[in-house]
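First comes the structure, then the notes that go with it.
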Amino acid sequence: MTALAASLRAQGRSIITLSQGEPDFETPANIKQAAIAAIEAGHTKYTAVAGIDALRQAIVTKFQRENGLNFTAEQITVGCGAKQLLFNALVASLDEGDEVVFATPCWVSYPEMIKLAGGIPIAMATHIDDGFILQPDMLRKALTPCTKWLMLNSPSNPTGAVYTRKDLEALAEVLRDYPDVWVLSDDIYEHLVYGDAEFATLAAVAPDLAPRTLTVNGVSKAYAMTGWRVGYAAGPLELIKAMNTVQGQSTSHTSSISQFAAVEALLGDQGFLVDFRRAFQARRDLVVGLLNAIPGLECRTPDGAFYVFVACQELLDSKTPNGQHLETDMDLAMYLLEEAGVAIVPGSGFLADGFIRISYAASEDELTKACAAISEAVQKLSITHA
């Protein structure tokens, strides 16, 4: 959708893009300066596959400071974004026929990465009434002798759901009955939580499960560094070594300059995170209010990330002014792109039909205009179902 929006914009159309998965903020100046300093100091050569020592030590410090987790530098690996590390972990650990369970709606790459690594994706559908939180009884039903991994993502893309400490404790109770199941905790949106919500991660909530938990994070979302491509993972040494082997035979290390910038991101001034969160929360509240005022659309207030996941089932099976039948969320997304000039993402891409994802990583002015355009386009639809 982002690519389609760019194409239409190049043709002269006025398009507001709310499909993006990245902050609209600039990378903080101190991080940029650290990269410039690294270039000027000549840090432009190959590094160790797992990352430079300074960065791995900074990640150790970050986990101690923010999560109460204690790792050695050898238990840390750095990759070209959190995405690569998720993939490396699956490639390093899955045999043909191994199952990986995960909750839906989910990030679009989860099932595809599992299949590429030779595994079998097992989707567990969560519900809006449960806040899109995986329930322990659902997890227990999904686990089998073939299950190798449980993948958790909190705060979640696309729903913005945040697993509380209590939620994770309930899942841990189930996992204790399945000692061969490992946990992949995708924490990339850790710092983007709002209101009374508090971030928690499984290895800290259930220390007895830490020996079979891989905690994945990165600087992309919180530090507005998506293009720098730096993610990191911490976990059992044997798994980290295997992931380094995979990475060593594929991409090798991430950019040396980006690594030095990430050191500054993790160890430098963290004050701007408060401003980022404040801006995102104001945008979230604005968008939720405007969207819930549109007949046929409904969304809960997300606790984290920068997305609103909007139920649009009432608009499906409707007709556009030119007589087109909107049967799916993809049809609706394309209609909103053409009619309203707003790019959003259909929920079916996240294995959740009947929803659309709207990113509020945009200015309040753009968000207000976009929601007004969506409202106008929706009012033009003719509802044909009973």
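Computed over heavy atoms, backbone and side chain alike; hydrogens, waters and symmetry mates excluded.
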Note to self: A side-chain contact here means heavy atoms from C-beta on lying under 4.5 Å apart; do Arg212 and Leu239 qualify?
What the structure shows: no

Note to self: Contact between Thr301 and Arg284 at the side-chain level, heavy atoms closer than 4.5 Å - yes or no?
What the structure shows: yes

Item checked: Sub-4.5 Å side-chain heavy-atom contact between Pro136 and Glu173 -> no

Checklist line | salt bridge (charged side-chain N to carboxylate O under 4.0 Å, His left out) partners of Glu169, counting only residues at least two apart | finding: Arg165

Check: Roughly how far apart are Leu85 CG and Leu184 CG, rounded to 0.5 Å?
Finding: 9.5 Å

Item checked: Inter-residue atom distance Trp228.CH2 - Ile31.CD1, 0.5 Å rounding -> 8.0 Å

Margin query: Tell me whether the rings of Phe309 and Phe355 are parallel (<30°), tilted (30 to 60°) or perpendicular (>60°).
Written below: parallel

Check: Just checking, any donor-acceptor pair under 3.5 angstrom between side chains of Asp365 and Thr368?
Finding: no

When the side chains of residues 115-133 are checked against the rest of the protein, which donor-acceptor pairs come out under 3.5 Å, sequence neighbours left out?
from	atom 1	to	atom 2	distance (Å)
Lys115	NZ	Glu112	OE2	3.3
Thr126	OG1	Thr104	O	2.7

Notebook entry, point to check: To the nearest 0.5 Å, how far apart are CG in Leu315 and CG in Asp331?
Noted result: 12.0 Å

Note to self: Any side-chain to backbone donor/acceptor pair from Asn153 onto Pro155? Under 3.5 Å, distance only.
What the structure shows: yes

Note to self: Over 60° means perpendicular and under 30° means parallel, so tell me whether Phe306 and Tyr360 are parallel, tilted or perpendicular.
What the structure shows: perpendicular

Next item on the list: Indicate whether the side chain of Thr47 and that of Gln259 have a donor and an acceptor atom separated by less than 3.5 Å.
Entry: yes

Checklist line | Pairing residues for Glu327 by the salt bridge (charged side-chain N to carboxylate O under 4.0 Å, His left out) criterion, not counting sequence neighbours | finding: none

Margin query: I'd like to know whether NZ of Lys62 has more than 12 heavy-atom contacts from other residues, nucleotides or ligands below 6.0 angstrom.
Written below: yes

Margin query: Checking side-chain contact (heavy atoms from CB on, under 4.5 Å) between Ser220 and each of Arg229, Glu22, Met225, which is the one that passes?
Written below: Arg229

Check: Could you give the distance from CG (Asp329) to CD1 (Ile356), rounded to the nearest 0.5 Å?
Finding: 8.5 Å

Check: Are the aromatic rings of Phe272 and Phe276 close, with centres under 6.0 Å apart?
Finding: yes

Item checked: Between Thr201 and Asp187: side-chain donor-acceptor atoms closer than 3.5 Å -> yes

Notebook entry, point to check: Should Glu26 and Lys32 count as side-chain neighbours, where that means a heavy-atom distance under 4.5 Å?
Noted result: yes

Notebook entry, point to check: Can a donor-acceptor pair be found between the side chains of Tyr194 and Asp285 at a distance below 3.5 Å?
Noted result: no

Checklist line | Atom CD of Glu198: over 12 foreign heavy atoms under 6.0 Å | finding: no

Margin query: So, taking the atom named CG in Leu316 and the one named CG in Asp353, what distance separates them when rounded to the nearest 0.5 Å?
Written below: 9.0 Å

Item checked: Exercise: do Gln270 and Tyr223 side chains pair donor with acceptor under 3.5 Å -> yes

Next item on the list: Please check if any side-chain donor atom of Thr61 sits under 3.5 Å from a side-chain acceptor atom of Gln57, or the reverse.
Entry: no

Notebook entry, point to check: With no hydrogens and no angle check, is any side-chain donor or acceptor of Gln324 less than 3.5 Å from a backbone partner on Thr320?
Noted result: no

